[in-house]
There are 2 protein chains.
Amino acid sequence: MKIAVLGGDGYCGWATALYLSNRGHSVAIVDNFCRRQWDHELGVQTLTPIRTLSERLRVWQELTGKQIELFVGDVTDYDFLFSTIKALEPEAVVHFAEQRAAPYSMIDRKHAVLTQVNNVVGTLNLLFALRELQPDCHLVKLGTMGEYGTPNIDIEEGYITIEHNGRRDTVPYPKQPGSFYHLSKVHDSHNIMFCCKIWGLRATDLNQGVVYGTMTDEVTLDEALINRFDYDEVFGTVLNRFCVQAAIGIPLTVYGKGGQTRGFLDIRDTVRCIEIACSNPADRGEFRVFNQFTEQFSVLDLARMVQKEGKKLGLKVEVDHLADPRVEAEEHYYNAKHSKLIELGLVPHLLSDSLLDSLMNIAIKYRDRIDSSMMLPQVNWRSARNDRQVRAAAVGVSEEPRLAVVGGNGSKGNGNGRNAAKPAKRRVEYSKR
Amino acid sequence: MKIAVLGGDGYCGWATALYLSNRGHSVAIVDNFCRRQWDHELGVQTLTPIRTLSERLRVWQELTGKQIELFVGDVTDYDFLFSTIKALEPEAVVHFAEQRAAPYSMIDRKHAVLTQVNNVVGTLNLLFALRELQPDCHLVKLGTMGEYGTPNIDIEEGYITIEHNGRRDTVPYPKQPGSFYHLSKVHDSHNIMFCCKIWGLRATDLNQGVVYGTMTDEVTLDEALINRFDYDEVFGTVLNRFCVQAAIGIPLTVYGKGGQTRGFLDIRDTVRCIEIACSNPADRGEFRVFNQFTEQFSVLDLARMVQKEGKKLGLKVEVDHLADPRVEAEEHYYNAKHSKLIELGLVPHLLSDSLLDSLMNIAIKYRDRIDSSMMLPQVNWRSARNDRQVRAAAVGVSEEPRLAVVGGNGSKGNGNGRNAAKPAKRRVEYSKR
């Protein structure tokens, strides 16, 4: 199958592109490298030393003989997207090409607007390009479980049947997203549903849970293929952060009580879910929603698991409860359905089996690259302007002038592990903040 | 009360600004005149000869001694909006400053993107400006009944209580909007609800029905204060169009079967509803939704009413059924609640009482200005590119070169009534299209 992977240089996108290529699909990556640019802006970097995309693709071809095409450009640029879709004639488009971090969207007004405009316009452009050029192409769109929020009733897969005043209808599941980023995904979902209705497009909205892990069969083939492992407070997800904190012996930072419960999945399941969706396309005119996660955990569940596994590795792992920088329920009901992908053949990898291999061992392997200052939350949901600071190079030098990130160039020079793994000193800084 | 009316040069905005001013409130208008610009772009104009805003405001002051402040600029320009809110320190902001026509948003990709970016970014900017400068200010935001679509269950006011698998929750009412414009309002609603939650802002979302009529007590004071009366296929609403068609003896253009049922209200009720909302502000942190309409009608109901009233005026009114250019149910269940504004004191004007005075007599009075070519639908929901044409000046000269609207300047010279009211010839053109 001919598949375009938009955002194929990112975390999920890269793993997906390799997996689909390995499975014999004809894959093209479309990317503008904005994800790498945001690392520069924020003064953070992935734990794993990822290579340039051109090197990644060269090594992949050398190792497997398989070529992945590359189109460099921005999906919000319609001329570029139009000509790319025209040249590719894809049977499926997997759309990862969005700003994907809730904290990034909550930094300030500019980041909120950037996130919503980037995501909404990119998706609108894609819908129009498909309508004009490839109306039979299947759009596989990455949504998020965060679109639903945490209602006090079971979360269904996209739609809910309501009985009301003696009548009944099946309607889109009500959305209560928790950040400007999550809102952008809700906007996308509404736009896509509408275009399926008026133009007969076919789309699958994958409401994905929190993805963890780095290792897939493909990226383990060679160090040059290694995937991102983000653990910073903006782009890092909670489980990655916990493993990195455990690896260098600083306390796990639980926000609030830690009762926040979400759906999670291994990145090996992400790539499999994408292939399942591509191989079982939605019908013409159908807007289909799958909840793409395999297990539910609370943040405190995860902290406890990391604590337990850390013990096996001889690590002493403490847990800190920070004031929650987000506005969210710290304890709540959560029961989200996720059977549709299972019915289509997904066999989940369970966290208990992969926590050591795919997460903690990676954190330990690259321990020298850890910058513990990257993990403290600096973006507060309650504030309209988070003057997020990039730390100066030396650890503990809090008197250094702080450089505002936005509108300037954040400078940060401790990317080579010179200052990593100094837990005691870091601990002091925690208390100060 | 100090009230800013964003979009105060538009149809609802102008009537509202005058009404609030007359009621003793301190009113400021914020507008960038894009609504007038869109008339130029589309080659259409209001039936009524509206004056420049500066003349309107000058006459209003001469007549009443009341001054309405004016801030000219674009709400998507944050510097402008920020400085305006800072200078004004309003207690309430009434936000009409959005692209408001479904057909305009459906012309093509550029118009879809313009509509969503303009509306979403303008509202995000306003939310941030209020958060930063006037967190206690009450946001009165114009939404639309079209956000709900036409579900097979009763439509509630913003929220619905659902019993599901033995549990219960009150959640945002599921939205099924029917155009990129209606989608933009759904995006706004989600964004505003979120900002009320995280920042404790206070907001009222007025999901307004289709507004009809031109006359309010204030605009009748002087011809220079006259309000818009749009009847063109893009910005005109169905009842205005029917009255204009009746006035010049051409058939009413019902789309499809005409069973499309919507909520309607007199513009005199619009202005009253706005004042009611301002005078009864939402609580801090509350996102409140009122369904702002007074009566439900199907399109065919309206056609029949115009036919009947036309007869009283000696007009022979026929009804044509055109293929529906929109993708919508032509027959459906519709029962939308609208009691909250009534409970707060709204006493509705009923259509049966105002159809003659506020609509048909206006259409007849300005009959010489009617351009019947403006009423034929040229924007089809099923097409991704509607090369909407501006007609050449002379009626019936269909061989004239057609000028594409978008990206060029639509030219059209029959605004002075020279070619109006030639029903027979127009009728032929209908069949051709």
Side-chain angles (χ1 to χ4, degrees), chain A residues 76 78 106 108-110 112-113 116-117 120-121 124-125 127-129 131-132 149 151-154 156 159-180 182-184 186-187 190-191 193-195 197-200 326-327 333 335 381-385, chain B residues 76 78 106 108-110 112-113 116-117 120-121 124-125 127-129 131-132 149 151-154 156 159-180 182-184 186-187 190-191 193-195 197-200 326-327 333 335 381-385:
Chain A
T76 67
Y78 193 65
M106 300 302 297
D108 58 14
R109 188 194 65 85
K110 283 187 182 173
V113 168
Q116 294 209 351
V117 171
V120 168
V121 173
L124 282 176
N125 281 353
L127 291 162
F128 274 88
R131 166 67 183 77
E132 294 211 66
N152 195 38
I153 54 174
D154 293 344
E156 302 294 329
Y159 300 89
I160 184 169
T161 299
I162 298 178
E163 302 244 14
H164 184 55
N165 298 347
R167 301 182 62 89
R168 171 198 287 250
D169 200 2
T170 298
V171 294
Y173 197 96
K175 301 294 180 73
Q176 297 180 84
S179 74
F180 290 116
H182 290 102
L183 283 155
S184 78
V186 172
H187 305 342
H190 282 100
N191 283 341
M193 182 185 305
F194 175 66
C195 290
K197 180 181 171 188
I198 61 167
W199 295 333
R326 306 187 177 203
V327 177
Y333 178 76
N335 184 37
W381 263 230
R382 291 165 186 85
S383 169
R385 288 191 198 226
Chain B
T76 68
Y78 192 65
M106 300 302 297
D108 58 14
R109 187 194 65 85
K110 284 186 182 174
V113 168
Q116 295 209 350
V117 171
V120 168
V121 173
L124 282 176
N125 281 353
L127 291 163
F128 274 87
R131 166 67 183 78
E132 296 210 66
N152 195 39
I153 54 175
D154 292 344
E156 302 295 329
Y159 299 89
I160 183 170
T161 299
I162 299 178
E163 301 245 14
H164 184 55
N165 298 346
R167 299 183 63 88
R168 170 200 286 249
D169 200 2
T170 298
V171 294
Y173 198 96
K175 301 295 181 72
Q176 297 179 83
S179 74
F180 291 116
H182 290 101
L183 282 155
S184 77
V186 172
H187 306 341
H190 282 101
N191 283 342
M193 183 185 305
F194 175 66
C195 291
K197 180 181 172 188
I198 61 167
W199 294 333
R326 304 187 178 204
V327 177
Y333 178 76
N335 185 36
W381 264 228
R382 292 165 186 85
S383 169
R385 289 189 198 228

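Residue numbers begin at 1 in each chain, while the letters A, B, ... track the order of the sequences. All values below were derived from every heavy atom in this structure, side-chain atoms included, with hydrogens, water molecules and symmetry-related copies excluded.
- Of the atoms belonging to E156(A), it is side-chain heavy atoms, and not backbone ones, that fall under 4.5 Å from chain B.
- For the pair H187(A) and N191(B), the minimum side-chain heavy-atom distance is below 4.5 Å.
- Looking at R382(A), both its backbone and its side chain come within 4.5 Å of chain B, counting heavy atoms on both sides.
- Contact count versus chain B (heavy atoms, under 4.5 Å) is highest, among N125(A), T161(A), V121(A), for N125(A).
- Neither the backbone nor the side chain of L127(A) comes within contact range of chain B; no heavy atoms are under 4.5 Å apart.
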(Q) Between S179(B) and H182(B), does the side chain to side chain donor-acceptor pair (under 3.5 Å) criterion hold? Intermediate values first, please. (A) CA-CA 5 Å; S179(B) 74; H182(B) 290 101; 2.7 Å; yes
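- The residue among R385(B), M193(B), R326(B) with the most heavy atom pairs within less than 4.5 Å of chain A is R385(B).
- H164(A) NE2 to E163(B) CD: the interatomic distance, rounded to the nearest 0.5 Å, is 11.5 Å.
- Remark: the backbone N or O of N152(A) is paired with a side-chain donor or acceptor of D169(B) at under 3.5 angstrom.
- Across P151(B) and Y173(B), no two heavy atoms sit closer than the pair CG-OH, 3.6 Å.
- Between chain B and the options D154(A), V171(A), N335(A), heavy-atom pairs under 4.5 Å are most frequent for D154(A).
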Begin from the C-alpha positions of W199(A) and F128(A) and carry the test ring-ring contact (aromatic ring centres under 6.0 Å, His included) through to its verdict. CA-CA 10 Å; W199(A) 295 333; F128(A) 274 88; 4.9 Å; yes
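- Taking V117(B), T170(B), L183(B), V120(B) one by one and counting their heavy-atom pairs under 4.5 Å with chain A, the maximum is reached by L183(B).
- Highest contact tally toward chain A, considering only R168(B), K175(B), H190(B), is held by H190(B) [criterion: heavy-atom pairs under 4.5 Å].
- D108(A) places no side-chain N or O within donor-acceptor distance of the main-chain N or O of A384(A), the cut-off being under 3.5 Å.
- Residue F180(A) touches chain B through both its backbone and its side chain, counting heavy-atom pairs closer than 4.5 Å.
- Residue contact with chain A, scored on non-hydrogen atoms closer than 4.5 Å, involves the backbone and the side chain of R109(B) alike.
- The parts of V113(A) that come within reach of chain B are both its backbone and its side chain, each placing non-hydrogen atoms under 4.5 angstrom from that chain.
- Formation of a donor-acceptor pair under 3.5 Å by the Q176(B) side chain with backbone atoms of P172(A) is not found in this model.
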